[in-house]
Amino acid sequence: MTSLLPFFMEGEVVKGFGRGSKELGCPTANYSLEVVQSIPKDMAPGVYYGWAQVDSQMVHKMVANIGWCPFYENKEMSVETHVMHKFDSDFYGSNLKICVIGYLRPEKKFDSLNDLIEAIQQDIKNADAKLDEYEAKVLKEHKYFNNTNNITV
Ligand SMILES: Cc1cc2nc3c(=O)[nH]c(=O)nc-3n(C[C@H](O)[C@H](O)[C@H](O)COP(=O)(O)O)c2cc1C
Ligand SMILES: Nc1ncnc2c1ncn2[C@@H]1O[C@H](COP(=O)(O)OP(=O)(O)O)[C@@H](O)[C@H]1O
Ligand SMILES: [Mg+2]
């Protein structure tokens, strides 16, 4: 599993079930099923941390859930990224690039919504600390994020 990391992926931000913001207080930018199905089959489901870039804007810290959301018993796998930044508005339809660096924990079927919310808040804290480490910071500067599509001459 570790050998798959860092793992880079990109795709359009599409609509999910609308639970992230409303029920969990944690919006997650979802990829389409087509993009989700392009990830390696041996990528372990779970909660990961890394870097995220919406269109060609600044690179921010992120936590991502990759899997089936056992609490909600989703039928399809999803890849959802919570970008650790306050945006002024939604960005559905934007291109989202992520660099998945490390694994935090497996997905769990929590007993209550509150337990899931608390776990997500702890994941964000853990990701924040991990991403301050030197090995992670180097990847923020990776050329993957450094395209010139947004430059008009
Ligand atoms: C950091 C993080 C950790 C998560 N951990 C779990 C988990 O342990 N179990 C689970 O069922 N879902 C987990 N989720 C996924 C949420 O259930 C999911 O984001 C939520 O259902 C929102 O889905 P939506 O984008 O379709 O609205 C996690 C999401 C994030 C961002
Ligand atoms: N910090 C953020 N991280 C991720 N998405 C965000 C953030 N701020 C705003 N959004 C917007 O919120 C949407 C995700 O909210 P969510 O409730 O999970 O809805 P959905 O179920 O449609 O994914 C994203 O697609 C994006 O447009
Ligand atoms: Mg979402």
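Just so you know, ligand 1 is whichever comes first in the structure, and atom 1 is the first atom listed for that ligand. The shown structure was predicted, so the numbers you read here are calculated from the model rather than taken from an experiment.
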**Study point:** Polar proximity ligand 2 side, Lys22 side, N/O cut 3.5 Å exclusive
**Key:** no
Revision key, fill the gap. The protein heavy atom nearest to atom 31 (C) of ligand 1 is Thr28 CG2, 3.7 Å
Check your understanding: Side chain, backbone, both or neither: which part of His85 has a heavy atom under 4.0 Å from ligand 2?
Key -> backbone
Revision key, fill the gap. Quick note on ligand 1: atoms under 4.0 Å from a heavy atom of Glu80 include exactly 18 (C), 19 (O), 20 (C), 22 (C), 23 (O), 25 (O)
Review point. Is there a heavy atom of Pro70 sitting under 4.0 angstrom from any atom of ligand 1?
Key: yes
Revision key, fill the gap. Nearest heavy-atom approach of Asn95 to Lys97 is ND2-CG, 3.9 Å
Review point. Judged by non-hydrogen atoms, does Phe110 sit under 4.0 Å from ligand 1?
Key: yes
Practice item. Please state which part of Ile124 comes within less than 4.0 Å of ligand 1, counting heavy atoms only: side chain, backbone, both or neither. Key: neither
Check your understanding: Counting both backbone and side chain atoms, is some N or O of Cys26 under 3.5 Å from an N or O of ligand 2?
Key -> no
**Study point:** Mode of Phe87 contact toward ligand 2 - side chain, backbone, both, neither (heavy atoms, under 4.0 Å)
**Key:** side chain
Exercise for review: If you have a sec, work out which protein heavy atom is nearest atom 2 (C) of ligand 1 and how many Å separate them, to one decimal?
Suggested key: Ile120 CG1, 3.7 Å
Review point. Which residue owns the protein heavy atom closest to atom 20 (P) of ligand 2, what's the atom, and how far is it?
Key: Gly16 N, 3.3 Å
Check your understanding: Between O of Thr28 and OD1 of Asn30, what angle is found at the Mg ion (ligand 3), rounded to 10 degrees?
Key -> 80°
Study note, to complete from the structure: among protein heavy atoms, the one nearest atom 27 (O) of ligand 1 is Arg19 N, 2.6 Å
Review point. For ligand 1, is there an N or O atom under 3.5 Å from any N or O atom of Cys26?
Key: no
**Study point:** Which residue and heavy atom of the protein sit nearest atom 3 (C) of ligand 1, plus the separation
**Key:** Asp123 OD2, 3.4 Å
Exercise for review: Could you check atom 1 (N) of ligand 2 against the protein and tell me its nearest heavy-atom contact, residue, atom and distance included?
Suggested key: Val83 O, 2.8 Å
Point to revise | Proximal atoms of ligand 2 relative to Thr81 (non-hydrogen, under 4.0 Å) | key: 4 (C)
Practice item. Considering the heavy atoms of Lys15, write down every atom of ligand 2 situated less than 4.0 Å from one of them. Key: 22 (O)
Practice item. May I ask you to identify the nearest protein heavy atom to atom 20 (C) of ligand 1, giving residue, atom name and distance to one decimal place in Å? Key: Leu24 CD1, 3.4 Å
Exercise for review: Among all protein heavy atoms, pick the one closest to atom 4 (C) of ligand 1 and tell me residue, atom and distance.
Suggested key: Asn65 OD1, 3.4 Å
**Study point:** Residue, atom name and distance, where the atom is the protein heavy atom closest to atom 10 (N) of ligand 2
**Key:** Phe91 CE2, 3.6 Å
Check your understanding: Quick one: which ligand 2 atoms are inside 4.0 Å of a heavy atom on Ser21?
Key -> 15 (O), 16 (P), 17 (O)
Review point. By number and element, which atoms of ligand 1 are closer than 4.0 Å to a non-hydrogen atom of Gly16?
Key: 26 (O)
Revision key, fill the gap. Filtering Trp68, Phe17, Tyr49, Tyr72 for the heavy atom nearest atom 26 (O) of ligand 1 leaves Phe17
Review point. Does Lys109 have a non-hydrogen atom less than 4.0 Å from ligand 1?
Key: no
**Study point:** Distance from atom 11 (O) of ligand 1 to nearest protein heavy atom, with residue and atom
**Key:** Phe71 N, 2.8 Å
Practice item. Could you list the atoms of ligand 2 found under 4.0 angstrom from a heavy atom of Val13? Key: 25 (O)
Check your understanding: Looking at Leu96, Val36, Thr28, which hits side chain to side chain contact (heavy atoms under 4.5 Å, CB included) with Val79?
Key -> Val36
Practice item. Could you list which atoms of ligand 2 come closer than 4.0 Å to a heavy atom of Phe17? Key: 21 (O)
Review point. Who's closest to atom 5 (N) of ligand 1 heavy-atom-wise, of Glu107, Arg105, Gln121, Lys108?
Key: Arg105
Study note, to complete from the structure: of all protein heavy atoms, closest to atom 14 (C) of ligand 2 is Thr28 O, 3.1 Å
Point to revise | Nearest option to atom 11 (C) of ligand 2, as decided by whichever heavy atom of Asp90, Val63, Leu96, Val14 sits closest | key: Asp90
**Study point:** Atoms in ligand 2 with a heavy atom of Asn30 nearer than 4.0 Å
**Key:** 23 (O)
Point to revise | Enumerated ligand 1 atoms positioned under 4.0 Å from heavy atoms of Gly18 | key: 27 (O)
Check your understanding: With a cut-off of 4.0 Å, which atoms of ligand 2 are near a heavy atom of Ala29?
Key -> 4 (C), 5 (N), 24 (C), 25 (O)
